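Reminder, nothing fancy here: chain letters follow the sequence lines and each chain counts from 1. Only this structure's heavy atoms are used, side chains among them; waters, hydrogens and symmetry mates stay out. Small disclaimer: the values here were computed from a predicted structure and weren't measured.
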Amino acid sequence: MSDQSSAPLQQALARGDLGTAERLCRQALDHKPAQARLHLLLGQLLRRRGAAAEAISALKHALALDSDDANALRELAMAALEAAQPAQAEAAARRLRQRLPNDAQAAFLLGHALGLLHRFAEAQDQFAALGQAAALLQARLGLVSDALARQDAAAARFHAQALVEAQPLAAAHWDALGQAAAAAQDWNAAAAALREATRLAPQELPLWQRRAAVLDAWRQGGDEPVAVSEHLLRLQPDSLDALQQLGLAQIGAQQTAAAIASFDRILARNPAHLLARWVRFHTPALPCFESAAQRAQWLQDWRDGLAEFETLPPRQPGLAEAAQQILGSVPNFALAYQDGAQLDLHRRHAAVVRRLLDAATDRAFTDLAPRALRQGRRRIGLVSSCLHQHSVTRAWAEALLDLPRDAFELCVFHTGTRDDTMVQRFRSRADRYVAGADSFLRWTQRLREAELDVLIFLDLGLDVTNQCLAALRHAPVQVATWAHPVTSGAAAIDYFLGAAAAEPPDAETHYSEILHRLPRLGGCFARPVQAVVPAPAESSSAQLLCLQNLYKLQPQHDALFGAILAQLPQARLDFLTAATAQQAAGFEQRLHRSLDAFAVDPARIRVRPVVSAAEYHAAIGSADLLLDTWGFSGGITTLDALWQERPWLTLPGECMRGRQSYAMLRQLDLPELVADSADDYVRRAVALAGDAAQRAALRSLIAERKHDLFEDRGVSLALAEFLRTVQIPAAASHA
Amino acid sequence: MPEYAPTDPQHAAALLQQAMVAGQSGRWEQAAAGLRDAWRADPAQHLAGQGLLECAAQLLRQGRQAPPRPPDALAAGAISVIVCSVEPARLARLRHDLERELAGEDWELVHIADARSLNDGYARGMARARGELIVLCHDDIGILTRRFAQRLREYLARFDLVGVAGTDRLSGPKWFWQGPPHTYSWVSQPHGQAWLAGLLGAYGPLIDDAQALDGVFLAAHRATLEQLGFDGARFDGFHFYDLDLSWRAHRAGLRCAIGLDLLIWHASGGNFAASWQQYAQRFVDKFPDIAPRQPAGLYRPGTLMLPDANLAEPVYDWIAHWLQQASPSR
């Protein structure tokens with residue numbers, strides 16, 4: 001600033017008055033437009049106030065007047081990086097490199113620009129020239145943050161990998177790698193990197209928090225999130241947030257009793273803690289309850305808990321933040337396992353979810369305005385968190401994958417994080433496939449952008465994200481299915497796809513949606529995967545087996561099991577509960593009380609927690625008779641047993657979810673295996689278990705007819721026909 | 001490339017029916033032959049593939065093993081297995097399998113812990129590797145065959161580049177884009193404590209003239225990889241290095257094959273985030289003739305649950321025995 005700058009300009013610069021300096025600089029340029037240094041100064045001032053695009057223009061002027069000016073090249077490279085113009089930055093930095101071959105900053109800027117251009121090998125050459133000084137590594141750590149801020153996961157990962165390579169014992173570098181992998185939704189790599197980071201720096205709270213967040217997003221459940229949350233709680237023993245995190249992790253690991261204890265600790269310190277109150281009334285400590293009285297009390301608590309949320313003032317302080325946490329916590333799952341349709345409770349619950357959603361988003365999203373469905377090829381959306389090998393896809397995948405391409409565009413929104421050959425098949429069929437552990441907001445945006453005609457929520461009730469999405473209307477027609485065989489209760493869901501053979505005559509009264517009955521079993525079931533297991537050993541005593549999960553094994557079942565075993569002194573009864581060891585022990589304890597009343601030796605029952613798939617198949621193969629639950633019967637488990645030609649005894653329940661086995665056995669024309677009362681159930685079980693010849697005859701019949709249960713293309717055609725012809729229902733038709 | 005049978009769904013349905021009758025009377029080998037022929041006559045007849053696995057399971061339950069195949073000539077040279085991995089537990093698991101299968105062989109494991117992309121990692125691994133026979137594989141796999149070294153050397157004696165899953169007709173930016181009958185895989189996947197054996201494709205166990213291979217496991221001669229190089233500039237992430245490499249190999253006239261009985265399992269943690277689409281576009285930009293002219297074909301693999309990894313080889317021995325036979329001409 002010598003000849004070209006006035007004293008006022010220098011004074012403004014000296015006192016940091018950049019606004020005045022810029023004004024004076026522009027005035028000076030009016031008089032001396034050919035002054036390269038003034039253009040440079042203007043560029044610098046514009047950069048400092050964040051006007052990168054304008055700065056680039058000024059700096060280009062400076063370089064047009066003096067193409068060798070290293071300062072202008074440096075400023076231009078930096079401004080271009082700030083303006084997200086990496087190609088421009090690369091050009092400027094490269095010229096600077098030529099001008100000043102030994103300038104470290106020039107190499108750094110060029111490496112930075114090349115990284116953003118994803119020319120990683122060239123970028124690494126630039127950084128390699130700089131060595132591995134601590135300052136450089138620190139600066140490069142900044143590039144990870146910069147790339148993450150630009151949502152450029154690949155560039156972030158490039159820099160983070162290089163940092164890990166340079167200093168593999170630096171927790172910060174593994175942390176950076178974890179964050180970069182998480183940004184790419186590569187959860188496995190993210191978890192691995194953060195595992196290493198926390199190993200290296202076990203006292204660093206933010207590292208543990210990020211590791212917990214990654215595990216939460218990954219949604220794999222299991223013991224690791226619990227262990228991480230426990231460590232977080234040790235690091236901050238007074239934190240309610242940490243305790244809350246532990247409770248949710250415990251639910252993810254099916255440690256329900258421990259989770260209840262965690263949330264009770266929160267409520268002891270803060271009785272108004274909304275998330276704790278929400279989770280508390282949704283979650284039974286033991287899924288099957290210790291007694292009928294406890295079960296009745298839980299349902300009453302559920303009603304009371306919901307009522308509290310129904311009366312929450314919408315403007316209650318802190319509600320928005322609490323609502324976000326609540327909506328990401330637990331779905332309305334356990335209610336489906338209680339007696340009766342509970343339609344009113346499901347409706348009220350769905351209404352509360354909608355209110356919480358409005359509170360959480362400050363009504364940022366509203367229902368899609370009415371819009372006509374497309375003529376011709378319809379665009380079908382499919383939302384599911386269970387597109388991997390799962391009972392949901394066992395029932396639904398084939399019909400969905402069979403949807404003819406010429407009639408339907410299929411857009412798959414996979415809210416789960418698993419990937420296997422089944423997911424690959426959906427990816428292959430889908431005209432558009434999106435997956436990832438994203439927020440409700442992001443999923444909503446995707447659903448809206450897709451401009452769907454019909455949106456199918458395949459498995460509502462199993463996942464919190466889907467539960468939130470179903471609270472809003474994203475398509476002119478929205479559909480739930482029996483993959484989770486209970487009404488959504490949601491006003492935004494128009495139709496429920498049920499199974500004609502399983503729905504009772506009054507089924508319409510069980511759903512908030514319009515019930516559409518797909519033919520027969522309502523599914524095009526893939527044939528069960530056979531297992532290579534040894535042939536079962538012959539046994540003189542009847543082996544009974546119940547394959548139902550603990551939620552279905554309600555206390556009213558115990559007396560029947562006791563009565564059956566009392567009349568079959570040689571028989572044994574196994575339960576495969578798919579529960580944790582602790583939960584299974586709770587059920588066993590409850591069952592023993594009933595067995596005592598029937599003077600049955602408890603050693604004749606065996607309650608098994610989660611078993612391997614092979615053990616599951618082997619257990620079916622060894623069973624003489626399978627005993628169903630009522631209220632919520634078997635479904636996929638029934639199919640597995642019938643495929644192995646095993647007799648399955650059922651007692652149909654009141655709602656569709658209690659009548660799936662019944663529908664299958666009717667389709668096989670096997671009335672011998674359908675009881676009409678609890679007493680009849682006991683009588684038939686005792687008779688069948690004691691009559692090997694009748695069981696053999698039944699097995700022959702099942703072997704002859706079992707193929708009728710599978711690969712029912714008629715259901716696929718009916719689903720396609722429904723999706724081809726379905727219209728927006730009249731406003732009042734399912735109110 | 002197999003001599004593909006003409007598609008005839010009606011004939012396939014009749015064959016399938018005959019096979020089911022044979023199965024119901026316990027004639028499992030006869031059932032399997034019928035299922036194989038039905039599958040070839042109608043590649044969309046997925047029940048046939050499922051049935052083949054079930055026939056193998058039934059024969060194993062009876063304690064019957066498939067007839068052994070005669071050994072073939074072996075490629076010589078040290079084996080270098082190059083793996084990019086950031087997860088020590090996975091790497092240790094794979095190393096355990098390799099140590100078991102390559103005991104007594106001249107081999108090494110080249111671990112790249114800081115790959116910026118798989119092309120980058122494999123290129124650097126190549127620079128460090130000393131072997132003549134190079135394996136490039138993911139870290140989340142395990143080896144199910146107990147004849148791994150033998151099969152690897154047999155196939156590399158005849159081919160330049162070998163994979164375990166792929167296609168002999170590439171028509172889009174995924175190896176399985178063309179769909180049946182041109183897509184092949186016997187790769188299994190973990191299923192809890194068991195494995196789900198997969199069966200895709202009615203021919204095997206060796207498919208020559210492959211056009212594209214899945215990168216979960218690739219084996220090649222050093223000279224082949226040096227000739228092809230790795231396009232790390234364009235495929236600078238974790239996608240499409242495999243299709244790029246194998247398609248270029250095919251176009252260069254190299255001998256490419258799918259060795260289906262190089263049995264592995266793969267704990268697919270596939271990541272098809274937005275970056276996949278970006279790289280798919282790069283692939284199509286690089287090879288415009290691969291731009292898809294039709295949607296990806298549908299496929300449905302047969303599956304069988306294996307409670308024990310040692311059951312994989314006997315099951316697939318039967319599958320190989322059946323599929324390597326030609327169908328009777330009509």
Side-chain angles (χ1 to χ4, degrees), chain A residues 118-122 124 153-154 157-158 161-162 164-166 168 177 181 184-189 191-193 195-196 389 398 401-402 405 418-421 423-425 427-431 433-436 526-527 529-535 610-615 617-618 703 707 711, chain B residues 20 24 47 50 53-54 56-58 60-62 86-90 113-117 120 123 140 174 176-177 179 185 187 189 191-194 196-198 200 232-233 236-238 268-275 278 295-301 303-308 311 314-315:
Chain A
H118 291 193
R119 288 156 56 187
F120 297 135
E122 293 173 68
Q124 188 55 26
R157 198 161 179 161
F158 157 65
Q161 287 279 12
V164 164
E165 181 185 5
L177 182 58
Q185 301 219 352
D186 185 347
W187 302 117
N188 189 64
R195 217 173 278 137
E196 185 63 9
Q389 303 270 4
E398 303 312 326
L401 291 166
D402 265 359
R405 286 184 191 275
R418 295 200 184 187
D419 194 286
D420 60 15
T421 51
V423 176
Q424 285 166 13
R425 289 181 64 205
R427 265 203 302 271
S428 193
R429 165 60 183 89
D431 297 278
Y433 172 89
V434 197
R527 298 198 316 172
V529 174
Q530 192 165 315
V532 185
V533 291
V610 175
V611 295
S612 71
E615 289 173 299
H617 283 277
H707 294 277
E711 309 286 349
Chain B
M20 287 180 77
Q24 279 163 1
L47 281 182
Q50 180 75 25
L53 286 167
E54 290 174 8
Q58 292 292 350
L60 291 179
R61 281 179 77 161
Q62 296 172 6
V86 294
E87 197 164 339
R90 280 185 177 181
D114 55 351
R116 286 178 287 279
S117 69
D120 163 69
D140 57 345
K174 293 173 184 169
F176 46 79
W177 196 276
S185 171
V187 175
Q189 57 180 318
H191 187 72
Q193 295 165 33
L196 275 184
L200 189 59
D236 51 13
F238 295 83
S268 169
N271 177 12
F272 284 78
S275 60
Q278 175 192 337
L298 300 181
Y299 64 95
R300 184 170 168 185
T303 47
L304 179 72
M305 191 175 299
L306 306 171
D308 182 339
L311 286 165
V315 165

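- Both the backbone and the side chain of B:Glu54 have a heavy atom closer than 4.5 Å to some heavy atom of chain A.
- Top candidate by heavy-atom pairs under 4.5 Å with chain B, chosen from A:Arg527, A:Glu196, A:Glu122, A:Arg418, is A:Arg527.
- Here A:Thr421 is the residue among A:Leu401, A:Thr421, A:Val423, A:Val164 with the most heavy-atom pairs under 4.5 Å with chain B.
- For B:Arg300, the side-chain contact (heavy atoms from CB on, under 4.5 Å) test picks out A:Glu398, A:Arg425, A:Ala526, A:Glu711, A:Arg713, B:His46, with sequence neighbours left out.
- Salt bridge annotation for B:Asp236-A:Arg119: absent, with no cationic side-chain nitrogen under 4.0 angstrom from a carboxylate oxygen.
- When heavy atoms are compared at a cutoff of 4.5 Å, B:Val315 approaches chain A solely by way of its side chain, counted from C-beta outward.
- Applying the side-chain contact (heavy atoms from CB on, under 4.5 Å) rule to B:Ala197 yields the partners B:Ser188, B:Leu304, B:Leu306, B:Tyr316; only residues at least two apart in sequence or on another chain are considered.
- B:Ala123 does not touch chain A: none of its heavy atoms, backbone or side chain, sits under 4.5 Å away.
- When each of B:Gln50, B:Gln24, B:Gln193, B:Gln189 is checked for heavy-atom pairs under 4.5 Å with chain A, B:Gln189 comes out on top.
- You'll find the side chain of B:Met20 reaches within 4.5 Å of the side chain of A:His707, heavy atoms only.
- In terms of non-hydrogen atom pairs under 4.5 Å with chain A, the most contact-rich of B:Asp308, B:Leu47, B:Leu200, B:Val187 is B:Leu47.
- Highest contact tally toward chain B, considering only A:Glu165, A:Gln124, A:Gln530, is held by A:Gln530 [criterion: heavy-atom pairs under 4.5 Å].
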